[in-house]
Amino acid sequence: MSKGEKTMTNNVGGMDRGVRIVVGIALLVLGLLHVVTGTLAIVAYVVGAVALITGMIRFCPAWSVFGINTGSAVHK
């Protein structure tokens with residue numbers, strides 16, 4: 001790794017990861033089954049996709065800005 005290169009460290013822990021994945025799937029299903037419609041469906045898609053993706057990759061860019069880490073250890 002070169003001097004100026006940065007790596008993405010995991011900052012989403014086990015329980016947080018599980019909640020993000022479940023909530024993400026639930027919001028996407030609500031939109032896909034037309035339980036919510038219109039603007040609320042768009043919000044459900046966006047929030048659900050972000051929650052699902054951040055849960056799957058175990059990294060939340062917003063939390064790195066605020067220095068939050070729910071993982072058990074910081075990986076370097």
Side-chain angles (χ1 to χ4, degrees):
M1 183 182 320
S2 66
K3 184 177 180 180
E5 193 173 329
K6 294 185 178 183
T7 60
M8 183 175 71
T9 59
N10 295 343
N11 64 0
V12 175
M15 178 63 89
D16 186 23
R17 181 179 188 210
V19 170
R20 286 173 185 259
I21 291 172
V22 169
V23 168
I25 291 171
L27 289 173
L28 291 172
V29 167
L30 287 175
L32 290 171
L33 295 178
H34 302 289
V35 174
V36 293
T37 58
T39 305
L40 191 55
I42 295 170
V43 171
Y45 289 137
V46 172
V47 173
V50 169
L52 184 60
I53 291 168
T54 58
M56 290 174 61
I57 66 172
R58 302 187 92 166
F59 177 74
C60 179
W63 282 17
S64 68
V65 169
F66 294 111
I68 300 171
N69 184 350
T70 60
S72 58
V74 177
H75 304 288
K76 291 188 177 188

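This chain uses plain numbering: 1 for the first residue, then up along the sequence.
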**OP:** Working to the nearest 0.5 Å, report the span between CD1 of Ile25 and CG of Leu30.
**Re:** 12.0 Å
Subject >> Interatomic distance, Arg17 atom CZ to Asn10 atom CG [nearest 0.5 angstrom] >> reply: 8.5 Å
Original post:
Is it true that a side-chain atom of Tyr45 and a backbone atom of Gly31 form a donor plus acceptor pair closer than 3.5 Å?
Top reply: yes
Subject >> Asn69 side, atom CG; Ser64 side, atom OG - distance, nearest 0.5 Å >> reply: 10.0 Å
Original post:
Is there a chain of hydrophobic side chains (I, L, V, M, F, W, Y, each step under 4.5 Å between heavy atoms) that links Leu40 to Val35?
Top reply: yes
Original post:
Same cluster for Leu33 and Val36 if Ile/Leu/Val/Met/Phe/Trp/Tyr side chains link at under 4.5 Å?
Top reply: yes
Subject >> Polar side-chain atom of Thr54 near backbone of Ala51 as donor-acceptor pair, under 3.5 Å >> reply: yes
Original post:
What distance separates Leu27 CG from Leu52 CG, expressed to the nearest 0.5 Å?
Top reply: 10.0 Å
**OP:** Treating Ile, Leu, Val, Met, Phe, Trp and Tyr as nodes and any side-chain heavy-atom pair under 4.5 angstrom as an edge, say whether Met56 and Val47 lie in one connected cluster.
**Re:** yes
**OP:** Provide the closest heavy-atom pair for Arg58 versus Gly14 in the form atom of the first, atom of the second, distance.
**Re:** NH2-N, 3.9 Å
**OP:** Would you indicate whether the side-chain heavy atoms of Asn11 and Thr70 approach each other to under 4.5 Å?
**Re:** no
Original post:
Under 4.5 Å between side-chain heavy atoms, hopping through other hydrophobics if needed: is there a path connecting Val19 to Trp63?
Top reply: no
Original post:
Is there a side-chain contact between Pro61 and Phe59 (heavy atoms, below 4.5 Å)?
Top reply: yes
Subject >> Met15 with Ile21, same ILVMFWY side-chain cluster at under 4.5 Å >> reply: yes
